[in-house]
Amino acid sequence: METFMAFRSKTAAQDALKRAVAKAALEEIRPLLTPETVIGVGTGSTANMFIDELGTLAGTFKGAVASSEASAERLRGHGIDVFDLNSVGSMPVYVDGADEIDPGFAMIKGGGAALTREKIVAACAERFVCIADESKDVAVLGQFPLPVEVIPMARSYVARELVKMGADPIYRQGVITDNGNQILDLYDFPIEHPVEMESRINQLVGVVTNGLFAARGADVLLLGRKDGSVERR
Ligand code: ABF
């Protein structure tokens with residue numbers, strides 16, 4: 001069994017990779033920042049590190065739209081104004097992490113249950129910059145459980161339909177999304193054709209959205225390597 005010390009050093013090493021990609025993301029978007037610029041900012045531990053980096057430039061751009069309440073609070077903590085998406089037009093860029101990303105830049109997201117807001121904010125951005133450590137880089141999506149956000153009264157119906165599609169949906173107990181909905185996670189569900197699967201699942205009545213970001217995948221991937229380098233794809 002992994003010892004606590006081994007776990008802590010593994011986590012610290014992964015944090016260093018996340019910090020490196022967060023810094024690289026700041027350099028990636030720096031040329032886009034003007035006093036008029038509003039950017040989209042995601043959710044999760046990698047996005048949190050990006051927010052911390054972005055904080056060093058607070059006051060030099062207009063502000064951000066956040067994909068979760070947690071990120072909005074962190075942005076405000078750094079003195080960055082947070083805007084309602086409805087008050088903002090298109091944004092030049094959205095920066096967020098992922099749970100998995102494949103060679104075609106399709107992603108599984110939503111491990112933190114913020115998938116719907118993430119997808120909405122991403123849809124409004126001209127470019128999606130994905131920041132991730134190399135553990136997220138996969139040949140085929142689906143090792144990480146795919147989240148599906150459902151309207152609560154439809155949960156069992158949607159689960160039965162997902163079983164017919166060959167999935168093994170598990171209700172994420174005790175989790176309510178920022179939108180008041182519930183999450184079903186699909187375990188051991190290899191996804192060879194992410195664009196088609198994203199659309200098939202979204203067509204089930206009662207599904208709000210699923211965590212496949214394939215129809216609108218990433219445009220740029222900043223991947224933190226174990227040797228400390230950041231690969232830009
Ligand atoms: C968000 O944060 C989610 O879509 C994804 O589930 C998660 C990645 O988290 P972390 O950066 O903590 O690994 O982007």
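Nothing fancy with the numbering, it's 1 onward along the sequence. First listed ligand is number 1; within each ligand, the first listed atom is number 1.
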Completion exercise
Quick look: A98 vs ligand 1, heavy-atom contacts under 4.0 Å, and the answer is backbone
Handout entry: Donor-acceptor pair between K62 and T37 side chains, under 3.5 angstrom
Key = no
Handout entry: Close approach of G110 to ligand 1, heavy atoms, under 4.0 angstrom
Key = yes
Exercise for the section: Keeping the roles fixed (side chain from S71, backbone from S68), state whether a donor-acceptor pair exists under 3.5 Å. Expected result: no
Problem - Heavy atom of the protein closest to atom 6 (O) of ligand 1 (residue, atom name, distance) - result: D99 OD2, 2.5 Å
Practice task
Kindly confirm or rule out an N or O of A47 lying under 3.5 angstrom from an N or O of ligand 1.
Solution key: no
Completion exercise
of all protein heavy atoms, closest to atom 13 (O) of ligand 1 is K136 NZ, 2.7 Å
Exercise for the section: State whether Y94 and R127 meet the cation-pi test: NZ (Lys) or CZ (Arg) under 6.0 Å from the six-membered ring centroid, and within 45° of the perpendicular axis. Expected result: no
Problem - Residue portion contacting ligand 1 (non-hydrogen atoms closer than 4.0 Å) for T46 - result: both
Handout entry: Pairs where residues 182-192 contributes a residue and the test salt bridge (Lys or Arg N to Asp or Glu O under 4.0 Å) is met, not counting sequence neighbours
Key = R172-D185
Fill in the blank from the handout: Nearest non-hydrogen contact to atom 2 (O) of ligand 1 from the set V95, I131, D96, T43 belongs to T43
Handout entry: Between E149 and N179, a side-chain donor and acceptor under 3.5 Å
Key = yes
Problem - Nearest-contact summary for atom 4 (O) of ligand 1 - protein heavy atom, Å - result: E118 OE1, 2.7 Å
Problem - E100 (side chain) donor-acceptor with V138 (main chain) under 3.5 angstrom - result: no
Fill in the blank from the handout: atom 10 (P) of ligand 1 sits nearest the protein heavy atom S45 OG, 3.3 Å
Completion exercise
Numbered in order shown, the ligand 1 atoms found under 4.0 Å of a heavy atom of G112 are 6 (O)
Exercise for the section: Look at atom CZ of R216 and say whether more than 12 heavy atoms of other residues, nucleotides or ligands are closer to it than 6.0 Å. Expected result: yes
